[in-house]
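In what follows, a structure is listed as structure tokens, so that the remarks can point back to it.
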2 protein chains.
Amino acid sequence: MILDAIDKKLLDLLQKDSKRTNKELSNKLNLSVTAVYERIKKLEKEGVISKYVTLVKKEKVEKTFVAFCHIKLVQHTQDYVIKFEKEVANLVEVLECYHISGDYDYLLKVIVKDMDAFREFMVNKLTSINHIGSTHSMFVINEVKHTTAINI
Amino acid sequence: MILDAIDKKLLDLLQKDSKRTNKELSNKLNLSVTAVYERIKKLEKEGVISKYVTLVKKEKVEKTFVAFCHIKLVQHTQDYVIKFEKEVANLVEVLECYHISGDYDYLLKVIVKDMDAFREFMVNKLTSINHIGSTHSMFVINEVKHTTAINI
DNA sequence: ATCATAATTGAAAATTTTTCTGTTTGTATT
DNA sequence: AATACAAACAGAAAAATTTTCAATTATGAT
């Protein structure tokens, strides 16, 4: 699907605030309400828009401790990799998991209540997954920037 | 603000899909539409809900190259830190920036079109910020998990 | 028990989304 | 240039949802 300038502007607005009404959007884009409506429907149908979510402030729900964990596997057989990825994806403390290049195999973003909860997580959940070789954790001191909006 | 079990369930549902109607939610929560409405408004007012956003599939907008960049500053004077953080926050390629513990000072999540765009970004944008000592980049081979929903 | 406060409900009003019909616009073809 | 076709657009009506309102029920403190 080819995105024209209006689609891009529209996506930009929606990425920043999905609660804007079609009327608001139609004003900003100099279009009719229906035109906006149909463009959005098309973007949804084509999968450009994947979902609409509510963002929760972690400070308000006692999940202020954020850590990034590097993980190395002992082996890289298909079996081990598949199993590891499935188990990690099931951990609610892991919001993100990436297979990456470099010294380690994976990078995880973990969010828990505090250092104590993190220790608990490491001991009882993460390192109890088999085939993990080594880990290296980095703690977030301050979140300088965090957006979900891609520049289109 | 104290969150009861209903609030938590509600936040869980909204984090996964903010387009659910109050009627749908009222069914799942065994409440009236207005009760759901009032609870949501309160969560917004108290700042538990920070915003509603649209998520765009990066593959559909030609931003499939994701990298994590470690950055070390040459000095850590207040001035340098403030300036660096401000400049980094202004870069549209940088979706996330964290001040972290460990060997490096910062961890950045960068999203661009391809390796060429990444090189361009490194040379012309990132490393042109003053006071950067060294960088170390890791490239995302595969995104195993990526959610915005915190387990509450 | 009584009071005050907060949460909940159902109905009405206001707003928004969605559908529908017809028009315009752009593009390709002759 | 004229024609045909499809895609995008516009305005109005219908459907659905959000928001307001008044009244009721629960909750906690005195």
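Every heavy atom of this structure was used, including side-chain atoms; hydrogens, water molecules and symmetry mates were not. Proteins get letters first, then strands, A, B, ... in listed order; numbering begins at 1 in each.
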Here the distance between atom P of D:dA7 and atom NZ of A:Lys45, to the nearest Å, is 10 Å
From CD1 of A:Ile6 across to C1' of D:dC9 the rounded distance in Å is 10 Å
Residues of residues 35-42 of chain B with a heavy atom under 4.0 Å from any atom of DNA chain C, listed by number, are B:Ala35, B:Arg39, B:Lys42
So, B:Lys28 and B:Asp12, do they make that salt bridge, N to O below 4.0 Å?
no
* Asked: Would the number of heavy atoms belonging to other residues, nucleotides or ligands and lying under 6.0 Å from NZ of A:Lys145 be above 12?
  -> yes
note: A:Glu46, atom CD; D:dA8, atom P; distance rounded to Å ~ 10 Å
note: A:Asn30, atom CG; D:dA8, atom C1'; distance rounded to Å ~ 16 Å
message: Can you confirm if the aromatic rings of B:His131 and B:Phe84 lie within a centre distance of less than 6.0 Å?
response: no
Rounded to whole Å, CG of A:Asn22 lies from C1' of D:dC9 at a distance of 14 Å
What verdict does the salt bridge (Lys or Arg N to Asp or Glu O under 4.0 Å) test give for A:Lys60 and B:Glu46, after you've listed the backbone C-alpha separation in whole Å, the side-chain angles of each residue and the deciding distance to 0.1 Å?
CA-CA 9 Å; A:Lys60 300 281 184 172; B:Glu46 299 279 344; 5.4 Å; no
Separation of D:dA7 atom P from A:Asp4 atom CG, nearest Å, is 15 Å
Would B:Lys41 and B:Glu44 pass as an ion pair if we require N to O under 4.0 Å? yes
Bounded by its outermost nucleotides with an atom under 4.0 Å from a heavy atom of chain A, the footprint on DNA chain C reads C:dT16 to C:dC20
| request: Classify the nucleic acid contact of B:Thr34 as base, sugar-phosphate or nothing, counting any heavy atom under 4.0 Å across all strands shown. | output: base
Check this for me: does any side-chain nitrogen of one of B:Asp17 and A:Lys51 sit under 4.0 Å from a carboxylate oxygen of the other? no
Between B:Lys23 and B:Ser26 the two heavy atoms that sit nearest each other are O-OG, 2.6 Å
Cluster overlap B:Leu13 with B:Ile6, hydrophobic side-chain contacts below 4.5 Å: yes
